[in-house]
Amino acid sequence: MTIFNGRKAKISGTGVYIPEKIMKNTDFEKFLDTSDSWIYERTGIKERHFAADGERCSDLAYNAAVAALNDAKMSPETLDMIIVATNTPDSTFPSMSCKVQGRLRAVNAGAFDVLAGCVGGVAAIQTAVSGVVSGLWNNVLVVASEKFKDYVDWNDRSTCILFGDGAGACVLSTSNEGEGNFISSKISADGTKHDFLSNETENSGDPHVIKMKGQDVFKYVSINLPKFIENFCEESKITPENVDFWIMHQANTRIIDSVFKRVGISIDKTLLNLEQYGNTSAASVMIALDESMKKGCVKQGDKVCFVAFGAGMTLGALLYEV
Ligand code: UT7
């Protein structure tokens with residue numbers, strides 16, 4: 001089942017928090033055998049942000065949450081649920097969402113985390129929308145937050161140059177006629193490819209450090225994502241040409257280019273911010289969503305498709321009418 005049934009759910013507000021500290025490609029040249037030109041040409045990344053010393057993943061999440069609530073003009077007491085997607089939590093427990101709930105004093109909200117690789121942002125929104133359309137919740141805060149600074153292997157030039165820290169958030173609420181409306185969503189998984197991208201102890205000897213088979217991930221996504229998008233659009237009763245704007249997971253501009261070419265989507269119909277932020281994993285679609293809303297890339301009535309892919313391997317999509 002791809003289509004949401006029941007009540008309608010809309011985006012009431014969005015927000016981001018990007019830590020101040022910038023690390024440029026040229027900074028990597030000082031301690032790795034790499035270059036600004038290699039990184040930019042192979043990935044589209046120029047710089048990424050990293051959390052300050054002492055700044056935790058939950059702090060990034062909290063700051064993005066405050067920004068989204070301010071944008072929605074809602075107080076924390078109105079929230080029924082807080083969902084945080086992350087792959088780089090301060091701790092496995094308690095959840096990041098409980099820390100956010102506590103700091104917000106969101107006294108009426110439950111809280112849990114979602115751990116779903118780079119598809120985490122899409123998975124968290126899908127869960128929140130399901131709760132709203134079913135009548136379980138009225139207002140849900142969804143946050144995606146990543147602090148890769150503690151999780152990358154700084155000696156591995158093929159991975160540490162890719163990731164960056166940041167958080168994005170949105171408030172989802174019940175919707176009336178003429179307001180925004182989530183139409184459909186889909187997540188697929190192929191767990192036989194779980195070793196393409198992982199931080200398992202058995203791989204690295206360190207439970208945190210990311211290990212990636214970059215070319216395998218690249219090929220898997222380039223081959224499977226176009227078919228996934230076409231099937232998702234068909235099941236959602238829309239053609240890719242009729243999608244007005246695409247909110248894409250920002251992993252590599254070459255991947256987005258290749259997928260768009262195969263599906264026949266114009267690059268003008270998306271926003272690329274890899275150059276400034278690198279890959280912020282689960283947070284990347286949330287950051288791209290906020291930027292697209294604030295820059296006026298989408299207008300009322302537009303059909304917007306969110307697309308993400310990542311560790312698992314997993315692919316995910318959401319269709320939203322603004
Ligand atoms: O969020 C989803 C998860 N991740 C992704 O989507 C990542 C998908 N994969 C990729 O984006 C690309 O595979 C990478 C950017 C990670 C690597 O690019 P590539 O074009 O696939 O390079 P490669 O792994 O085939 O390596 C080509 C060469 C190798 O050298 P040799 O063996 O040909 O001498 C690498 O050692 O490039 C070398 N290399 C580098 N050289 C300079 C790898 N990383 C670097 C680097 N600087 N940072």
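Read the numbers this way: they start at 1 and go in the same order the structure lists the ligands and their atoms.
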When rounded to the nearest 0.5 Å, the distance separating CE of Met96 from CG of Leu115 is 10.5 Å
What verdict does the side chain to side chain contact (heavy atoms under 4.5 Å, CB included) test give for Phe232 and Leu319, after you've listed the backbone C-alpha separation in whole Å, the side-chain angles of each residue and the deciding distance to 0.1 Å?
CA-CA 9 Å; Phe232 174 68; Leu319 184 63; 3.9 Å; yes
d(Leu318 CG, Ile125 CD1) to nearest 0.5 Å is 5.5 Å
One line per pair, note the atom names and distance for all nitrogen or oxygen contacts under 3.5 Å between ligand 1 and the protein.
unit_1	atom_1	unit_2	atom_2	d
ligand 1	1 (O)	His249	NE2	2.8
ligand 1	1 (O)	Asn279	ND2	2.8
ligand 1	9 (N)	Gly214	O	3.0
ligand 1	11 (O)	Asn252	ND2	2.7
ligand 1	13 (O)	Gly214	O	3.3
ligand 1	20 (O)	Arg42	NE	3.0
ligand 1	20 (O)	Arg42	NH2	2.8
ligand 1	20 (O)	Arg254	NH2	3.2
ligand 1	25 (O)	Gln215	NE2	2.4
ligand 1	36 (O)	Arg157	NH2	2.8
ligand 1	41 (N)	Arg157	NH1	3.4
ligand 1	47 (N)	Thr34	OG1	2.7
ligand 1	48 (N)	Thr34	OG1	3.1
ligand 1	48 (N)	Arg157	O	2.8

Closest heavy-atom pair, Cys297 versus Leu271, reported as atoms and distance to 0.1 Å, is SG-CD1, 4.0 Å
Value for CG (Asn25) from OG1 (Thr43), rounded to nearest 0.5 Å, stands at 6.5 Å
Any Ser75 side-chain heavy atom under 4.5 Å of Thr78 side chain
yes
